[in-house]
Amino acid sequence: MSSPQRFQARRDGADGAVVRDNLTGRTVAVFPPDPDIQGMARRFADAAAAEFNRRHEAHLATRRRRGW
């Protein structure tokens, strides 16, 4: 049941970004474009997806330790 890339950052529009859950297909975070700094939304989305994946992997490790 290991899924190291369950969450993925994707582009949304010209300069926005979203974080999607690959398992359910749901959008879990939306980052609107920042008019002052180009690409900032994508950087935030990449960081959020990395954190969500890290936490998901920790959750799976806990379940494996408990015998699930």
Side-chain angles (χ1 to χ4, degrees):
M1 187 168 136
S2 179
S3 175
Q5 293 299 317
R6 179 171 175 179
F7 299 96
Q8 186 176 29
R10 297 183 182 173
R11 191 176 72 155
D12 183 39
D15 200 26
V18 296
V19 177
R20 300 282 313 256
D21 184 349
N22 290 331
L23 184 64
T24 62
R26 293 180 180 175
T27 300
V28 294
V30 177
F31 297 93
D34 186 356
D36 297 332
I37 304 171
Q38 295 291 330
M40 186 56 74
R42 181 57 191 248
R43 284 188 243 158
F44 280 138
D46 288 337
E51 180 66 17
F52 291 157
N53 285 323
R54 185 191 66 76
R55 289 183 180 202
H56 179 65
E57 190 58 39
H59 171 72
L60 292 178
T62 300
R63 289 182 62 160
R64 281 192 293 271
R65 280 195 305 272
R66 292 183 177 179
W68 284 75

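Computed from a predicted structure; not experimentally measured.
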Notebook entry, point to check: Given the rule in the side-chain contact (heavy atoms from CB on, under 4.5 Å) test, do His59 and Thr62 qualify, once you have shown the distances and angles that lead to the verdict?
Noted result: CA-CA 5 Å; His59 171 72; Thr62 300; 5.6 Å; no
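- Across all their heavy atoms, Ala49 and Ala9 have their closest contact at CB-N, 3.9 Å.
- Of the inter-residue distances, the one linking Thr24 atom OG1 with Phe7 atom CZ reads 7.5 Å to the nearest 0.5 angstrom.
- Closest non-hydrogen pair, Pro32 versus Ala41, comes out as O-CB, 3.5 Å.
- Minimum heavy-atom separation, Asn53 to Arg6: OD1-N, 3.2 Å.
- Screening Asp15, Asp12, Val19 for a side-chain contact (heavy atoms from CB on, under 4.5 Å) involving Phe31 leaves a single residue, Val19.
- When all heavy atoms of Phe52 and Val28 are compared, the closest pair comes out as CE1-CG2, 3.8 Å.
- In plain terms, the two heavy atoms of Gln38 and Arg43 that are nearest each other are O-NH2, 3.5 Å.
- Once rounded to the nearest 0.5 Å, the distance linking CZ of Arg20 with CZ of Arg10 reads 5.5 Å.
- In terms of hydrophobic clustering, with Ile, Leu, Val, Met, Phe, Trp and Tyr side chains grouped at heavy-atom distances under 4.5 Å, Met40 and Val18 are assigned to different clusters.
- One finds a salt bridge joining Arg54 and Glu51 here, because a Lys/Arg side-chain nitrogen approaches an Asp/Glu carboxylate oxygen to under 4.0 Å.
- Heavy-atom contacts from other residues, nucleotides or ligands closer than 6.0 Å to CZ of Arg11 number 12 or fewer.
- Note that CG of Leu60 and CZ of Arg55 are 14.5 Å apart. Values are rounded to the nearest 0.5 Å.
- If you chain together hydrophobic residues whose side chains sit under 4.5 Å apart, Ile37 and Phe44 fall into the same group.
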